[in-house]
**Q** 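There's a structure below that I have some questions on.
Every value quoted in this text rests on a predicted model; they were computed, and no experiment measured them. We count residues from 1, following the sequence as given.
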Amino acid sequence: MKMNVLVSVLGLSLVLVACATQSPYQAVLRHSRIRGSQQGPNVCAMQRLSDSNRKYFTNCKQWYHRKVCGKPTVISYECCPGYERIPGTRGCPAGRTSRNHRRAFSCSNNDSEILDALVSNVNIELLNALHYHMVNRRLTSEELKHGSSFASMYLDFPVHIHHYSNGIVTVNCARLIKPDQRASNGIVHVVDRVITAISNNVNAIIDLDDNLERLRAAMAAAGLTSLLEGEGSYTVFAPTNEAFQKIPQETLNRILGDPVALRDLLNFHMLRHVQCSESIVSGSAMETLQGATLEVGCDGDQMTLNGKAIVTKRDQLGTNGVVHYVSELLIPDSAKVLLELAEGSSVTVATQLFVDAGLVSHLKGSEALTMLAPLDEAFKGDVAMTPELRKLLRNHLVKGQLSSQALYHGQELETLGGLRLRVFVYRNNLCIENACIAAHDKTGRFATLFTVDKLLTPPTGTIMDVLKDDDRFR
């Protein structure tokens with residue numbers, strides 16, 4: 001009995017070790033093989049976009065959602081990589097061996113126009129292009145490790161390999177779609193597009209494109225040029241000149257003239273890893289160099305940022321990262337003044353009331369403040385500005401840039417109107433007087449926005465004062 005238990009524990013340990021050492025690609029291939037096992041040995045279930053010929057190995061999440069980039073998929077069954085069918089047998093029992101193939105990375109027929117041009121113009125460019133798809137050694141998919149690079153047969157220019165958590169593998173940002181096609185004199189890995197040689201780093205890509213002139217100047221002013229010249233792996237969402245022009249000139253001048261805000265702005269456009277567009281099958285939150293997150297996703301054939309299809313040019317690969325061009329400037333909260341924080345939140349009624357109350361100078365300035373902004377639903381009907389409301393709104397501006405996480409029970413907060421507001425911490429609520437925090441903080445360059453559920457009703461006296469002022473208690 002003890003021996004059986006010991007064997008079971010050892011077996012479980014070996015399984016856990018094997019799972020821990022699997023790459024995401026191996027895991028998703030294994031899942032596709034399990035899903036296709038009812039069709040016979042070595043059959044993989046594939047998800048194909050219903051309006052195109054793009055196919056993906058399936059993971060558990062995609063299998064149940066049946067969507068890639070928000071578009072429906074249909075299930076098809078194919079031989080797993082390295083196997084082929086034998087007439088009259090079930091599944092794919094035979095190991096595939098192709099002949100007369102010498103390329104390590106072969107492009108698929110989806111790039112037919114490029115291929116036709118290459119074949120019809122047999123010249124030195126064609127030879128160089130083909131040599132760049134070849135590595136002078138035998139490489140299986142297991143040897144194509146994340147972050148690795150291999151010298152090609154074209155002037156030893158490297159090809160770059162990247163793995164992603166969803167199981168996708170890219171070669172110079174081209175998606176690997178059929179690996180391990182074994183030949184008598186090598187292995188063919190099929191990718192979804194022609195790959196081109198790269199020699200420039202990310203900074204050089206930005207430096208050589210006139211359409212990124214304003215970004216180039218901003219990077220130099222922020223002292224970030226050397227970052228993108230050095231070693232590392234970066235993704236840059238590069239705002240074009242047009243993207244800068246869309247920003248109000250007053251806002252742009254303020255950010256460009258503030259080294260801290262400028263650096264935050266630019267770092268918000270960068271990731272500390274290479275994110276090729278072909279690796280994205282759904283939206284994912286990714287941490288930027290600034291510290292906040294961007295949702296990088298896709299909608300059909302379009303790459304999206306925070307749900308918006310603003311990527312106009314993709315996968316400009318450099319030796320130390322990749323550049324995607326974007327048509328809008330992404331401004332993080334940390335580069336915004338208080339008015340800009342409020343305008344981007346669900347407190348539009350309160351924001352207009354602060355403006356009408358003559359408090360714009362506080363909302364646009366560099367004063368350390370915290371705004372207590374009631375939700376729109378806290379106001380019923382049209383709200384007219386009165387002297388009493390103007391005074392009350394001044395007491396919704398607290399001195400100092402605060403964080404709700406640092407507040408404690410019994411703390412007193414001083415307002416611009418001269419009142420002292422009390423903090424109450426309950427089991428499920430954090431309140432300032434009668435108004436409770438209703439959303440996460442928005443922390444700007446100089447100030448913080450607290451969204452609260454109602455207008456404040458500051459205390460006007462002690463309990464005895466309240467009773468004395470009420471005729472019912474005389």
**Q** The criterion is side chain to side chain donor-acceptor pair (under 3.5 Å); which residues satisfy it with Gln316, sequence neighbours excluded?
**A** none
**Q** Between Met303 and Ile280, what is the shortest heavy-atom contact and its length?
**A**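 Where Met303 meets Ile280 most closely, the heavy atoms are CE-CD1, 3.7 Å.
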**Q** Tell me the closest heavy-atom pair linking Ala151 and Val135, and the distance in Å.
**A** O-CG1, 3.8 Å
**Q** What pair of heavy atoms forms the shortest contact from Leu407 to Val423, and how long is it?
**A** CB-CG1, 4.1 Å
**Q** Please determine whether a side-chain nitrogen of the Lys or Arg among Lys55 and Glu78 lies less than 4.0 Å from a carboxylate oxygen of the Asp or Glu.
**A** yes
**Q** Report the C-alpha distance between Arg445 and Lys336 in whole Å, list the side-chain angles of each, state the deciding distance to 0.1 Å, and finish with yes or no for side-chain contact (heavy atoms from CB on, under 4.5 Å).
**A** CA-CA 6 Å; Arg445 174 68 180 91; Lys336 293 179 179 179; over 6 Å; no
**Q** Among Asn200, Asn201, Ile205, whose side chain to side chain contact (heavy atoms under 4.5 Å, CB included) with Thr319 holds?
**A**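 Between Thr319 and the candidates, side chain to side chain contact (heavy atoms under 4.5 Å, CB included) is satisfied uniquely by Asn201.
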**Q** For His324 and Phe237: C-alpha separation, side-chain torsions, deciding distance, then whether ring-ring contact (aromatic ring centres under 6.0 Å, His included) applies.
**A** CA-CA 5 Å; His324 307 291; Phe237 298 105; 5.6 Å; yes
**Q** Take Glu340 and Arg254, measure what salt bridge (Lys or Arg N to Asp or Glu O under 4.0 Å) needs, and give me the verdict at the end.
**A** CA-CA 12 Å; Glu340 292 164 349; Arg254 175 184 62 77; 2.7 Å; yes
**Q** Please say which of Arg54, Lys71, Arg314 ends up in a salt bridge (Lys or Arg N to Asp or Glu O under 4.0 Å) with Asp301.
**A**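 For Asp301, the salt bridge (Lys or Arg N to Asp or Glu O under 4.0 Å) check succeeds only for Arg54.
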**Q** Are we looking at SG atoms under 2.5 Å apart for Cys44 and Cys79?
**A**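 Between Cys79 and Cys44 there is no disulfide, given that their SG atoms are not under 2.5 Å apart.
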**Q** Is a donor on one side and an acceptor on the other found under 3.5 Å between the side chain of Thr288 and the backbone of Thr293?
**A**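 It does not hold such a pair.
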**Q** More than 12 heavy atoms of other residues, nucleotides or ligands under 6.0 Å from NZ of Lys454: yes or no?
**A**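 Yes - once you tally the heavy atoms of other residues, nucleotides and ligands closer than 6.0 Å, there are more than 12.
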**Q** Closest heavy-atom contact between Thr58 and Ala45?
**A** CG2-O, 3.6 Å
**Q** Crowded around Tyr64 OH? As in, over 12 foreign heavy atoms under 6.0 Å?
**A**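 Open.
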**Q** Would Cys80 and Cys92 count as a disulfide pair, i.e. SG atoms separated by less than 2.5 Å?
**A**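 No.
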**Q** Mind checking side chain to side chain donor-acceptor pair (under 3.5 Å) for Asn306 and listing every partner two or more places apart, or none if nothing turns up?
**A** none
